[in-house]
J.: 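Below you will find the structure I want to go over with you.
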2 protein chains.
Amino acid sequence: MPLSLGVNPNIIEMEYAVRGPIPQRAAELKKQGRRIIPCHIGNPQALGQQPITWVRQVMSLLEQPDRIERERALKKLAGMKPGALAGLGPEALLSDQVLATAEDFLTRLEGGVGAYTESKGPLFIREAVARFIDRRDGVEAGTSRAADPESIFLTDGASVGVRAIVELLITGPGDGVMIPIPQYPLYSATLKRHGGELVGYYPDEDSGWALGRATLEEPLAAARARGVEVKAIVVINPGNPTGAILDEQSGREVVAFAAEHGLVVIADEVYQDNLYDADWISFARLVGDQDVPLVSLHSVSKGVFGECGHRGGYFEVRHAPAAAGTGDSLLPLLLKQASVNLCSNTMGQALTYLMVNLPEPGSPDRERFDRERQRTLDDLLAKATLIREAFGEMAGVRSFGRIGALYLFPRLEQLPAGNDDFAYCMNLLEATGLCTVNGAGFGQREGTRHLRIAFLPPREMLAEVLPAWIDWHNRYVGG
Amino acid sequence: MPLSLGVNPNIIEMEYAVRGPIPQRAAELKKQGRRIIPCHIGNPQALGQQPITWVRQVMSLLEQPDRIERERALKKLAGMKPGALAGLGPEALLSDQVLATAEDFLTRLEGGVGAYTESKGPLFIREAVARFIDRRDGVEAGTSRAADPESIFLTDGASVGVRAIVELLITGPGDGVMIPIPQYPLYSATLKRHGGELVGYYPDEDSGWALGRATLEEPLAAARARGVEVKAIVVINPGNPTGAILDEQSGREVVAFAAEHGLVVIADEVYQDNLYDADWISFARLVGDQDVPLVSLHSVSKGVFGECGHRGGYFEVRHAPAAAGTGDSLLPLLLKQASVNLCSNTMGQALTYLMVNLPEPGSPDRERFDRERQRTLDDLLAKATLIREAFGEMAGVRSFGRIGALYLFPRLEQLPAGNDDFAYCMNLLEATGLCTVNGAGFGQREGTRHLRIAFLPPREMLAEVLPAWIDWHNRYVGG
């Protein structure tokens, strides 16, 4: 390696704990043959969550369009000669609705899934996303609050959208974005990557991670006092890593705050379907007709789909502010950014379409979807509850807020002297095979210690590992 | 829009002609009902190129794994009762090889296609890529020249890889990268995006876009004289937009030049399978054991696959230089960059795997693949030839170099006074519906004018549009 090159210092300094030293150590242990339970990341299908049947049936046809006719022929055959297909199992034949959905999608997608699409994604998918948003928020199409398909961008997962908006807003080292602490490290990493300042604000853990106006005003004033130009505020709701769900009052505070100070609200709402015992309200609804710029993000990776590998998602822009010096809004610049990558992947686009365009209510496909959906949500809640109950048996472990998203973020109030949460998580991994991420990887209030655990392992696995964790914990913190 | 925000000036200045004003005008015309022939971009399936049958059969099973058993049951049924599946068509049953390939892939891909993978992509796919590179270059596994799976990164198309390496190498405004002129605008856009300097070098058009040492030395010396620190040289081979194939001597000049000046070679080799009448040699072979850092990129979007929409590809790093100040090479930093996006999309990964892991030689699937491959290549060459012949009938249109990639880049030597190639392409679009991109969108030697056309439209379409183009051209340049 005789050649040595200077490299981008932002990349050297950037950190990303969910792929950091703890998961790296877990990968090493796994290679050595240890059983690892990967709870460091929200990757549901890696822990056995089943994909939605109807989604995958349609996706499968999109890859091989000639199968649509073949499946119809098979159905005809089975109709003509009952028993002709005996032995193929109960799910042998695809429903007319699945076949029609795939056919209709391919009719509208010029060139099929193998062709580049428009940079923002095909218009018919963006229209379906807009209808989904309006339905979700109880807004009538055609009204001033209705979503505009031209302000919707399909992306390879939500991360790409976050990066685009941060890249656009940061003009240099003096620009900053407000980020909740703790936060998902995508935000700190992306800000560092583009040379911006992270301006942290601290939701109140003991009140279930609620936000008060002072929580927001103080860090903004402090940042401005040191010359930082704050451009935007990120809200993650339901929360990551906390799993907490923002109450409506806290949401309204954020909007009023952004309106007063001329900030863009970046609402990470990828867990909007991971609700178990709480209501959720979108930032599009909270903003309403107020002239507050909003970028809201959604994804196929979470919710009941859990299709992380397909990298699909979208972001929607509302009340786009002007881009100084261009004579236009941010939208044409976001389009240009998207266009350099040509388009997001079409199978991720298809999944986004299916997520926002469920089977006809009352149809057998819809009934099965509803069953699968409920089964997944029930299972997630049961697992979260099991883990929370286990915390009750661990000395000095407390968890705040309602259960949401895929995570618990308990506070570790009792650690051996000189021990931080990184050491705790590393030792937990070595002792039990359970891979979590320590609180410092997300940021936390000075003097507190936490860990984040994704509540995804199958219940049988939890039944085995939780007692081992409790046992190890009480010895570890006691000793 | 009362709020006005300062935005990243690099994004304002960034240009990307293949999604620029000409294609945008084409989209408008299309909305008005005009027939548009989209030759502004290499998007084969949008113009009727058929996907490879075997690839899509496997991909379809990956989305719906329970079909593997169902397809086996169908085969058994057909074997027991000949004629039982009559009416389903000749391709009704999938081969054992297709079923086994899908099954094997899913066995190795933990959690299936719905789960995040390792940031660089699963090891077994990177191993398959490494074997492909070694086979292609006639290198034995285990030798010093063999590809290392740990230096291979799967990506959402090649664009993502280019962005990662440029982002890493550019530390500030004084850093530059040498780019061939004309170039694919991804390079100029990505450099602009990350605040780097484009240092252009000019392959010699009249010698078929060959490179001499002086062609490279002069721009480097000039850039250094004005204080630019040149970090890398990009070579696109086969060329985009020129379609030209670099002769071996030119390739060796690039390597010797990079070795002497301590530059990274960034070899864009995404068209390595789009060869019609010429040999091609990879930069991995040209570099051999010389200690020249190389990043080479490949993609599933081009070649005979043409799977643009799936956004799959990889880059391979050889002789990674040290990253100053880190005590390590560039590789851990590239991994960190990849990890912030979690992973590339799994269906694009699967396509990459299938591209580098063809069906068993001699098997019916391989025979069909070979036929489909040859049909696509023959068809592309025939279409390129038709278009080149048409140039012969257009006053002052000349095309240089061997035919490669998916493009012709003819020089327009005779334009009406005061007319540039942008006006030419816009007028051509309005007159004939043919959407091309003008030479200035790629860069060109001062005083020359060109256009780039992708030779993708079906032959029947060319038979119709080429006479119209010839006729329009001769009136346009004559008038």
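Chain letters run A, B, ... following the sequence lines, proteins first and then strands; every chain starts at 1. Quick caveat: nothing in here was measured; it's all calculated off a predicted structure.
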J.: Under 4.5 Å from any heavy atom of chain B, what part of A/Arg72 do you find: side chain, backbone, both or neither?
T.: neither
J.: If you count heavy-atom pairs within less than 4.5 Å of chain A, which of B/Pro51, B/Gly306, B/Cys343 leads?
T.: B/Cys343
J.: Side chain, backbone, both or neither: which part of B/Ala189 has a heavy atom under 4.5 Å from chain A?
T.: side chain
J.: So for B/Pro293, is it side chain, backbone, both, or neither that comes closer than 4.5 Å to the heavy atoms of chain A?
T.: side chain
J.: Heavy atoms only, distances under 4.5 angstrom: which of B/Asp175, B/Leu74, B/Thr117, B/Leu186 has the most pairs with chain A? Name it, please.
T.: B/Leu74
J.: Keeping to residues at least two apart or across chains, list the salt bridge (Lys or Arg N to Asp or Glu O under 4.0 Å) pairs with something in residues 335-347 of chain A.
T.: none
J.: Are the side chain of B/Arg311 and the backbone of B/Asn345 linked by a donor-acceptor contact shorter than 3.5 Å?
T.: no
J.: Do NZ/NE/NH1/NH2 and the carboxylate oxygens of A/Lys30 and B/Glu110 come within less than 4.0 Å?
T.: yes
J.: What part of A/Ser344 gets within 4.5 angstrom of chain B, counting heavy atoms only: side chain, backbone, both, or neither?
T.: backbone
J.: Highest number of heavy-atom pairs under 4.5 Å with chain A: which of B/Glu118, B/Gln49, B/Met59?
T.: B/Met59
J.: Given a strict heavy-atom distance threshold of 4.5 Å, which part of A/Leu335 is in contact with chain B: side chain, backbone, both, or neither?
T.: neither
J.: Could you look at A/Ile170 and say if it's the side chain, the backbone, both or neither that has a heavy atom under 4.5 Å from chain B?
T.: backbone
J.: Please state whether the side chain, the backbone, both or neither of B/Leu62 comes within less than 4.5 Å of a heavy atom of chain A.
T.: backbone
J.: Filter on salt bridge (Lys or Arg N to Asp or Glu O under 4.0 Å), then keep only pairs touching residues 157-166 of chain A, sequence neighbours left out; what's left?
T.: A/Arg163-B/Glu167
J.: Which answer fits A/Tyr116, side chain, backbone, both or neither, if we ask what part of it has an atom under 4.5 Å from a heavy atom of chain B?
T.: both
J.: Check whether B/Lys231 reaches the backbone of B/Leu169 with its side chain - one donor and one acceptor, N or O, closer than 3.5 Å.
T.: yes
